[in-house]
Amino acid sequence: MSSGYDFHPSETNNDLPRPKHIRRFTGFSPAEIKTIDSVIPLKSRETWKKFAVENFSTKETFEKDFVRHVETTLARSLYNCDELAAYQATSNSIRDNLITDWNKTQQKQTTKDQKRVYYLSLEFLMGRALDNALINTNTRELVSDSVDELGFNLEDLIQQEPDAALGNGGLGRLAACFVDSLSTGNYPAWGYGLRYQYGIFAQKIIDGYQVETPDYWLKFSNPWEIPRKEIQIPVDFYGYVEHSSDDNGVKKSNWIGGERVLAVAYDFPTPGYKTNNVNNLRLWSAEPTTEFDFSKFNAGDYQNSVAGQQRAESITAVLYPNDNFDSGKELRLKQQYFWVSASLHDIIRRFKKTKRPWSEFSDQIAIQLNDTHPTLAIVELQRVLVDLEGLSWDESWEIVTSTFGYTNHTVMTEALEKWPVELFQKLLPRHLEIIYDINLFFLQFVEKKFPKDRDLLSRVSIIEESSPRQVRMAYLAIIGSHKVNGVAELHSELIRTTIFKDFVKIYGSSKFTNVTNGITPRRWLRQANPKLAELIASKLGGDHYLSNLNELKNLEQFAEDEEFQKAWFDIKLDNKKRLSALIKTLTGVEIKNPNVLFDIQVKRIHEYKRQQLNILGVISRYIKIKNSSKEERAKILPKVVIFGGKSAPGYYAAKLIIKLINSVGEVINNDEDVGDLLKAVFIPDYNVSKAEQIIPASDLSEHISTAGTEASGTSNMKFVMNGGLIIGTVDGANVEITREIGEDNIFLFGHLAENVEDIRYEHRYGGYKIPDSLEQVFKLIESGKFGDYNEYRSLVDSIKYHGDHYLVGDDFESYLQAHELVDQAYLDQKEWLKKSILSVANSGFFSSDRAIDEYAESIWNIESIQE
């Protein structure tokens with residue numbers, strides 16, 4: 001260009017002559033913005049302003065954008081614009097608005113030069129983006145009217161969008177809620193994750209079994225992502241380490257990698273609610289440095305000519321590759337390092353452009369580790385500072401520990417992530433050296449503080465002296481972070497007094513804090529349950545409560561209002577009808593009368609979440625119905641029990657639970673004696689979009705983990721916010737939900753967390769008796785009623801003979817009694833509706849906006865950028 005400035009797609013070619021002032025695709029420092037701005041000629045400035053992109057704000061301008069995208073972006077026309085094309089044109093039009101706001105947001109954040117938070121999560125379970133963007137940008141009604149004029153229905157277009165397969169369960173959904181709240185709160189923040197080609201997997205149920213198939217969510221491309229092909233960060237694996245000393249005797253380490261792949265950036269704009277703030281979620285995709293080996297191809301070695309490409313692309317192919325095998329473990333660790341290395345180098349590049357000294361790194365940057373998956377970021381930052389930037393060990397470590405915060409998501413020791421030392425040595429040799437040094441200096445610190453406690457050193461060592469030796473990632477995360485938080489009050493207390501009590505002894509309690517999880521009401525009330533959100537808005541004077549959820553408290557005054565209760569009931573019934581239609585479509589099971597109790601448990605399938613307790617309870621209810629007279633059956637409350645969730649591919653026990661649920665459902669749903677008194681349904685391929693239909697339809701939801709095993713849970717919050725009552729144990733966030741909504745509005749059962757270990761000890765050494773009610777259930781299973789008993793033997797034996805680790809037998813009678821209380825309460829519909837309304841009215845605490853404000857205040861020390 002003749003104006004004296006130019007565009008460069010890369011910053012790596014430093015040998016080429018450059019103009020004095022350069023525009024880069026990779027962002028600017030505040031000083032660069034001012035310098036560039038000062039040299040742009042007036043005529044260029046005026047021309048640019050004249051043709052600047054404007055956001056649509058009327059039906060006419062949206063329709064113009066829509067038609068333009070159909071005819072140019074998609075190369076279609078009026079005559080062949082189907083619903084998929086209409087969805088893509090609508091999404092591209094909305095995305096255009098987001099990108100202009102995104103550009104302004106990034107420029108504003110750079111100019112303000114405030115501290116920024118980077119949220120590292122291996123999962124971001126975003127759900128569908130179109131409806132969320134329409135709600136957050138307050139354009140849903142405008143776009144709905146416009147697409148109607150263009151010949152389409154907005155709801156049909158929304159259904160065209162596949163769920164972004166970037167997560168599995170609560171961890172990823174929490175991260176998605178947090179990026180929404182960070183944008184809504186005008187906080188300067190980026191998320192960093194991986195762009196999985198096939199996500200976790202698409203779940204099919206065949207003959208009752210879970211079968212994993214690829215989730216082709218990118219089949220028709222993703223209009224919401226912005227490919228940044230110019231941002232390619234090299235990531236190394238394997239190789240060896242060279243050690244040397246400089247002239248002053250200072251030791252130097254140089255990692256010579258044996259294999260290199262490229263991390264290519266894809267950006268996902270995340271809009272805030274009723275704000276122009278649009279933050280960024282950057283996802284990395286793995287690509288080879290050389291896609292195609294021509295010499296091997298010409299030599300006839302066709303398979304190996306693309307082997308490098310296949311090895312690279314496998315890194316971001318699937319979320320959580322099966323680690324039952326050594327190759328799976330290696331791929332998982334490779335995946336984690338690839339992601340944190342690319343993210344950190346991106347963060348560091350941005351910091352270095354400010355020309356600040358390294359001592360100010362943690363003043364400008366906060367990095368939050370969402371669980372242990374990104375813990376390697378601690379080691380990588382130390383490596384970069386020491387090996388590449390030449391800082392001393394102590395100076396580097398001070399920067400590292402001031403930068404990172406670690407969120408723990410489990411109280412179960414067996415669930416804490418560990419990696420074999422041998423695998424580290426092979427894949428990341430320099431990082432293992434750094435981990436050894438971190439551990440050495442830490443243990444020296446501990447020994448100096450507690451010189452007589454030798455056992456303490458082995459208990460807190462990052463290296464577990466087992467066979468094989470393992471790297472304890474949670475311990476590394478604690479040692480390398482300045483704050484460690486749990487995600488519910490009970491959970492935070494448990495980690496302080498159980499799994500991490502030694503670290504509390506070492507560091508004191510101030511390093512450990514609590515931030516109770518939250519959910520975004522924009523997604524989980526306004527989007528999932530629009531009629532209920534509208535009814536609430538009619539009583540609260542508008543929808544401003546969606547960004548100030550404590551206003552829900554004002555609903556209490558309507559809890560016994562008959563007209564309000566009637567409207568509440570009608571909305572719930574409509575939601576149950578909608579879910580019944582979905583169940584019929586997906587499973588073939590017909591719910592003829594949706595005006596019965598809908599009892600729902602949808603979440604990741606795991607023994608500690610105790611879906612097995614639920615289905616055993618269903619069998620017990622089935623036995624009761626079968627043994628009842630006709631007169632007695634007339635008094636039994638009709639119920640539909642609904643399950644959903646995925647098991648990890650290698651988790652045999654969880655897959656067995658899925659099989660049992662489906663086999664029991666097959667028998668009950670086809671038993672003429674039972675009729676409509678009881679149905680059991682498993683909804684396949686549970687995801688965010690299905691959750692948005694399932695959760696609003698719940699009368700009762702099950703959160704029945706063994707006390708002391710669930711860190712928090714967020715599905716319990718979603719169900720409560722949609723007027724569903726909870727049956728649950730005193731575990732995770734159920735404790736705080738009870739405190740907020742009142743004991744009269746929740747059905748609690750089971751042993752308390754402080755008694756669990758004593759009960760397990762009694763099982764091991766004092767004998768164990770199964771209650772008669774559960775024995776009846778086991779006898780029916782053993783009879784072959786639900787298929788070959790040998791298939792379920794391990795599940796039954798784990799409870800009867802192998803210690804019943806998750807206390808299914810101990811809690812079974814209490815669980816059945818709680819269900820009897822549910823039945824009695826549901827018969828009094830007026831009182832039930834009152835409980836439902838009060839639950840919603842007192843759910844305001846569980847907003848992710850509140851959680852993010854607490855993180856910002858107590859952990860990150862960041863402030864929102866004012867408009």
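Any value given below was found using the heavy atoms of this structure, including those in side chains, with hydrogens, waters and symmetry copies removed.
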Do [X] and [Y] make a side-chain contact, defined as non-hydrogen atoms from C-beta onward lying under 4.5 Å apart?
X      : Y      : result
Ile94  : Thr139 : yes
Ile365 : Arg116 : no
Lys646 : Arg604 : no
Ile694 : Ile600 : yes
Gln611 : Gln601 : yes
Val681 : Phe643 : no
Pro374 : Gln368 : no

How about Phe178 and Tyr855: are their ring centres within less than 6.0 Å of each other?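 Ring centroids of Phe178 and Tyr855 are less than 6.0 Å from each other.
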
Can you label the angle between the Tyr216 ring and the Tyr198 ring as parallel, tilted or perpendicular, going by 30° and 60°?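 Tyr216 and Tyr198: perpendicular rings.
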
Under 3.5 Å, is there a donor-acceptor pair between the Asn280 and Trp102 side chains?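 There is such a pair between these side chains.
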
Between [X] and [Y], is there a donor-acceptor pair closer than 3.5 Å when you use the side chain of the first and the backbone of the second?
X      : Y      : answer
Asp685 : Gln203 : yes
Arg195 : Asp267 : no
Trp217 : Tyr196 : yes
Lys204 : Glu212 : no
Asn80  : Ser77  : yes
Ser181 : Ile852 : no
Arg173 : Met126 : yes
Asp371 : His373 : no
Gln210 : Ser647 : yes

Between Leu166 and Leu194, which heavy-atom pair has the shortest distance, and what is it?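 Taking Leu166 first and Leu194 second, the nearest heavy atoms are CD2-O, 3.5 Å.
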
A cation-pi test, strictly: NZ or CZ of [X] under 6.0 Å from the centre of the six-membered ring of [Y] and no more than 45 degrees from its axis. Yes or no?
X      : Y      : result
Arg350 : Trp190 : yes
Arg282 : Tyr192 : no
Lys334 : Phe237 : yes

Suppose we screen for side chain to side chain contact (heavy atoms under 4.5 Å, CB included). Which residues come up paired with Ala129, at least two apart in sequence or across chains?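 Applying side chain to side chain contact (heavy atoms under 4.5 Å, CB included) to Ala129 gives Glu161, Trp224, Phe268.
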
Can you list the steps and then say if Glu83 with Gln88 is a side chain to side chain donor-acceptor pair (under 3.5 Å)? CA-CA 9 Å; Glu83 286 185 344; Gln88 291 173 327; over 6 Å; no

